[in-house]
Engineer: 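This is the structure I have questions about; it appears just below.
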Amino acid sequence: MRFYTTSHGARCNSRIWPTLCRYCGQRVFYFTCDCGCKVFFDELGAPWPKHQCRGYLNSLIETYGREVIERGMAVMMMTPGIESSYASKVQKAYEQEVRQPAPKKNIIRRDPVHGAREDVVGIVRELIDDVNVFKRIGASDNLFSRAMLRSLAKAQCVQITIHTGALASADNYRFTFLVDKQLLMQQSIVKGALIRCQLHSLVVPGWNPIWICDRVRSPFEED
Ligand SMILES: [Zn+2]
Ligand SMILES: [Zn+2]
């Protein structure tokens, strides 16, 4: 039998985002850390009740199999406990966020530079449907721009802005990107949702540089 002496916290790069359950719409807290934990909590703090609505449980069973889930969600929370100092830090940060929701300070805009690729997790802050991609990049619609934009030239584009900062985290970045609406179809992308996206930059002289999203998924999904 293995005994754990440490709990999750700053040491294992714990991160928590307040978000909405994509199945029941309830406010939940998504916790992840470098130990491999991935779990939604109903409340922020001891005894850290796990979110267990029907839709979410079904999705877990689909991902991990019934046996794993019935063994007590061992995959998601490999060692017990979350450091109390970390807990009080995120609680404070969350209270502040609720009291004063916007605008948040210290958010650094990440601009696309040539050849950049990012795999980021963040909260959706803004959604703009039906964006004209040619207007957005400041290019005319011709063979060259269509070749550069590839499938995005023909797509119905959505512009999404996410903030990556977890509660009480010092790093908070803002990414604004374009995504083919078809990629969003199986996802419930609403303001406040937590998503993971793979981005690449499109930087062409004379155009506005943009981030293009190649893949969107729930941060909970495995690679
Ligand atoms: Zn951990
Ligand atoms: Zn739920």
Side-chain angles (χ1 to χ4, degrees), residues 1-94 97-98 101 119-125 127 160 162-173 184-197 216-223:
M1 187 169 170
R2 197 164 157 194
F3 290 95
Y4 295 102
T5 52
T6 58
S7 45
H8 307 281
R11 233 183 330 229
C12 61
N13 191 26
S14 293
R15 284 147 288 157
I16 295 183
W17 290 268
T19 182
L20 306 168
C21 173
R22 59 190 289 203
Y23 302 100
C24 68
Q26 192 191 303
R27 156 76 66 204
V28 289
F29 298 93
Y30 178 70
F31 176 90
T32 186
C33 72
D34 292 350
C35 311
C37 299
K38 291 177 170 190
V39 58
F40 289 96
F41 291 114
D42 278 332
E43 275 159 50
L44 196 60
W48 295 96
K50 290 190 185 85
H51 185 62
Q52 304 197 16
C53 73
R54 185 101 306 261
Y56 174 54
L57 283 181
N58 285 341
S59 83
L60 289 181
I61 289 166
E62 240 168 67
T63 309
Y64 295 103
R66 186 173 294 275
E67 200 192 325
V68 169
I69 301 313
E70 284 170 358
R71 276 207 315 257
M73 302 195 200
V75 171
M76 291 172 295
M77 209 67 196
M78 289 167 182
T79 66
I82 290 176
E83 252 170 44
S84 60
S85 59
Y86 175 70
S88 62
K89 242 170 66 180
V90 293
Q91 281 162 352
K92 235 179 262 167
Y94 181 63
E97 203 167 280
V98 169
D119 189 343
V120 284
V121 173
I123 302 273
V124 175
R125 295 294 179 182
L127 273 164
I160 296 178
I162 61 166
H163 290 177
T164 66
L167 287 172
S169 158
D171 301 319
N172 195 0
Y173 297 108
L184 305 178
M185 287 311 180
Q186 284 99 4
Q187 310 280 339
S188 58
I189 310 285
V190 292
K191 265 193 206 177
L194 186 70
I195 58 172
R196 177 174 169 196
C197 26
V216 182
R217 59 193 136 157
S218 142
F220 194 80
E221 278 169 54
E222 297 297 303
D223 286 321

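Residues: numbered from 1 along the sequence shown. Just so you know, ligand 1 is whichever comes first in the structure, and atom 1 is the first atom listed for that ligand.
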Engineer: Once rounded to 10 degrees, what value does the angle at the Zn ion (ligand 2) take between SG (Cys53) and SG (Cys21)?
Structural biologist: 120°
Engineer: Do the non-hydrogen side-chain atoms of Glu83 and Ser14 ever get within less than 4.5 Å of each other?
Structural biologist: no
Engineer: Taking it one step at a time, do Ile82 and Phe41 satisfy side chain to side chain contact (heavy atoms under 4.5 Å, CB included)?
Structural biologist: CA-CA 12 Å; Ile82 290 176; Phe41 291 114; 4.0 Å; yes
Engineer: Counting distance only, does the side-chain N/O of Thr32 pair as donor-acceptor with the main-chain N or O of Cys37 below 3.5 Å?
Structural biologist: yes
Engineer: Quick one: the ND1 of His8, the Zn ion (ligand 1), SG of Cys35 angle, rounded to 10°, please.
Structural biologist: 110°
Engineer: So which N/O/S atom does His51 have closest to the Zn ion (ligand 2)?
Structural biologist: NE2
Engineer: Mark yes when over 12 heavy atoms from residues, nucleotides or ligands other than Glu43 sit less than 6.0 Å from its CD; otherwise mark no.
Structural biologist: no
